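Let me begin by presenting the structure, written as structure tokens, before commenting on it.
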Amino acid sequence: MNSANASGQAPLLEGRGLVKNYKVGGQTLEVLRGVDIAVAEGEILAILGTSGCGKSTLLHVLGWLDKPDQGSIVFRGRDHSDLGAAERAHMRNQIMGFVFQFYHLLPELSALENVLMPAMIQHGPLAWHRQKKAERDRARELMAIVGLTTRAKHRPRQLSGGERQRVAIARALQNRPSFLFCDEPTGNLDGQTAEDVRHLLWGLNEEHGQTMVIVTHDAKLAAQADRVVHLVDGRIATDHDVDLVEEVALD
Amino acid sequence: MYRQFLALRYLRSRLVNLISVGGVMSGVAVLIIVVCIMDGFQARVRKHVRGSLSHIILSPTVGGDKLPSLATLSTALKQYEPHVVAAAPQIRYPLFYEFKTQRQVALGSDGFTWWQMQTVGIDWEAEKRVSELADALIAARDPKRPFFVSRQAEEHGKTTVLVSRTFIEKFALTPYDPKTGQPIHPWGAMRDDRTGDRLSDPALIKKRAESMLGEELALMFGVAVRDKEGNPKFEADTRNAVIAGVYDSGDALEDSKTVYMEIGSVRDMLPQRYDVSQDPPVPLPKHEYLQVNVKLDDFEYAKAVKTSLAARIGHSFIVETWEDQKADFLQAVDQEKVLLVIVLSFIVLLGGFIILATLTLTVVEKTRDIGIVGALGASRMGVLTIFIWNGLLIGIIGSICGLGLGAWFTAHVDDVKDFLKNWFNIDIFPPNIYHFRSIPTEWNWPSVLMIMGGSVVMAFFAGLLPAMRAARLDPIKALRYE
């Protein structure tokens, strides 16, 4: 296991004192109440919590999808809290790969085109013309990694749930992100398929050292991560390496 | 790259976009067709009006005795203005063609009906040099001397006329060559459907001694006299004429009301005036001409020549360009075009509203997609551009389709006219109303490009509102949208 904490390395991404409130019907809903969290390079970090505990919000804030009301995001030692909308969009495109519970593929596009989407967003028309071949090769390679070589031309609705999630994973990896942010990646899949997808994700971590943050309410899935953060009511309850407990839990 | 890519994909995947494209297409096509027809109409009107009117028209304002002779005048004109190429005299005089209507024939009535026309007295050799009448001549025994029928007719002082094809058709006349007995016009023999007779020596103006006319009309033409009871009486100069030739200038309305005669014949028809200060009154010399048509080497100089000639001979002539004479008519045609374009632009505007509606629908439908591309790194500006591109593509494709449809229709407008006529009996372009037998069109690239450009700009603005709505969406909320 690639436990970065154990090696004492500086964290790749850090959230410090993150606070996020939502205004719902005149009332302020405190979703994050000062969360400190760090992600080290090469680790699989699981954020475990019941629904409504703020784990998706934490993921969005860490992934520059949402802005924290307070606190700072530090990436590779630099504070990235007050980036503008366009810069945050650029960071999402370059640094982050998102995998969602409901796959969120674009229905009008083929599987391969979906995978290419982040690259298309990255390049303007001229640059795209130059990069097209390289990006296509990369997408095909990723389709092969997720085991969907033969389904490149299929539309999302022609794919099963597990296949769609594999396409989503391939898409998240297209721009070689520093992080893979997975929001309940197996939440919508049945047992065997969920296990296949988990196997795929963990394989990526092992073979390519892909750093991952996985949000889940599934303790079994979380138990297989390098490190688990329990999020209760917008606060970190426990933060520990799974190495020790893992064996016990598996027993 | 994703902006154009997604815009195109959304356009392709949604059938409703076809409606928008169709809307823009029909608007553009209709505008192109109308502009091309109106331009063609304008161009042909100008050509024909110019053809029959020459470049500059001189109308004398003095009596026949003070008028310079034509030879003197043309020499003077050429001397004053090097742009003057030729000058030709004309005398225009009102005329009635007398005939029996089918009802009058059926009732066995003694009465006649009159068709009001004008006769244009010309000097053929001179006229050839200033107008396009010679080109318009479609049938004559001798195109070099179209008023000549036979020596016999000449000796008898027969009046010979050139009438228009429209006139021949209107009154179902059949001009025959008196020598051979063959019809002189090329499109086959016609019969006088009122009498069933073949007209071997067709009378254009039948002999009638006296005819009653409305007093005002008679006074207007200066021919009113009173009979024994003191009632106004129309004492007309009536004569039978031989159709010597047929012309078709293309302007059906003008043609149906114009016959050409030799200028001498028309001069004979002018009322004789007397100098009453003498006793007995001395007959005044008749006008040698009542109008002089002047041809220039280029119409471009008409305005300048008009000014300079007016300064020199303005004391005895009104100097006008042909555009002055037809100013009201030309302006009416211009006006009509502007009005039609404004009214029909609403079709394009309607296309814009369809784009607005369908794109708004697309944005609502694609809310989740907007969240997804946002999560993948698309900026708000990027999302905005996707939908602006979508609108633009509809505009561009619609315009191009409209261009095709418009071009086809413009090229085949007469086929369409004939089709409507043959299958539905709808005559959309009756020659008696619109002057012309075929619908004139002129392909005008600047106008066409302006119409297309305008539609694309409109599509851009129609897409802007939904696009801004899409850009305002919060990606996180959009992602939760199910």
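Quick note on labels: first sequence line is chain A, next is B, and so on, each numbered from 1. Everything numeric here is computed off the predicted structure, so don't read it as measured data.
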Tell me which donor-acceptor pairs under 3.5 Å the side chains of residues 17-30 of chain A have, and how far apart each pair is, sequence neighbours excluded?
residue	atom	partner	partner atom	Å
A:Lys20	NZ	A:Asp66	OD1	3.4
A:Lys20	NZ	A:Lys67	O	2.7
A:Tyr22	OH	A:Asp66	OD2	2.8

Per-residue contacts, residues 412-424 of chain B versus chain A, heavy atoms under 4.5 Å: none
Closest-packed option against chain B by number of heavy-atom pairs under 4.5 Å, given A:His90, A:Glu113, A:Gln94, A:Met91: A:Glu113
Salt bridge flag under 4.0 Å for residues A:Glu108 and A:Arg155: no
Output side-chain donor-acceptor pairs under 3.5 Å for residues 175-182 of chain A, partner residues at least two apart or in another chain, one line each.
residue	atom	partner	partner atom	Å
A:Asn175	ND2	A:Asn93	O	3.2
A:Asn175	ND2	A:Asn93	OD1	3.3
A:Asn175	ND2	A:Pro118	O	3.2

Spatial distance of atom CD (A:Gln70) from atom CZ (A:Arg16) [nearest 0.5 Å]: 15.5 Å
Examine whether an atom of [X] lies under 4.5 Å from a heavy atom of chain B, and if so say whether it belongs to the side chain, the backbone or both; otherwise answer neither.
| X | result |
| --- | --- |
| A:Arg171 | side chain |
| A:His60 | side chain |
| A:Leu105 | backbone |

Within-4.5 Å side-chain heavy-atom neighbours: B:Ile372 and A:Phe98: no
Heavy-atom check, side chain of A:Ile169 versus side chain of A:Val197, under 4.5 Å: yes
Smallest separation among heavy atoms of A:Leu173 and A:Arg138, with atom names: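 Scanning both residues completely, I find the closest heavy atoms to be O-NH2, 2.6 Å.
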Option that, when pairs with chain A are counted at under 4.5 Å, heavy atom only, ranks first among B:Gly371, B:Ser379, B:Gly382, B:Ala378: B:Ala378
Tabulate below the donor-acceptor pairs under 3.5 Å that side-chain atoms of residues 446-474 of chain B make, not counting sequence neighbours, or state none.
residue	atom	partner	partner atom	Å
B:Ser447	OG	B:Asn444	ND2	3.0
B:Ser455	OG	B:Ile451	O	2.8
B:Asp474	OD1	B:Ile476	N	3.2

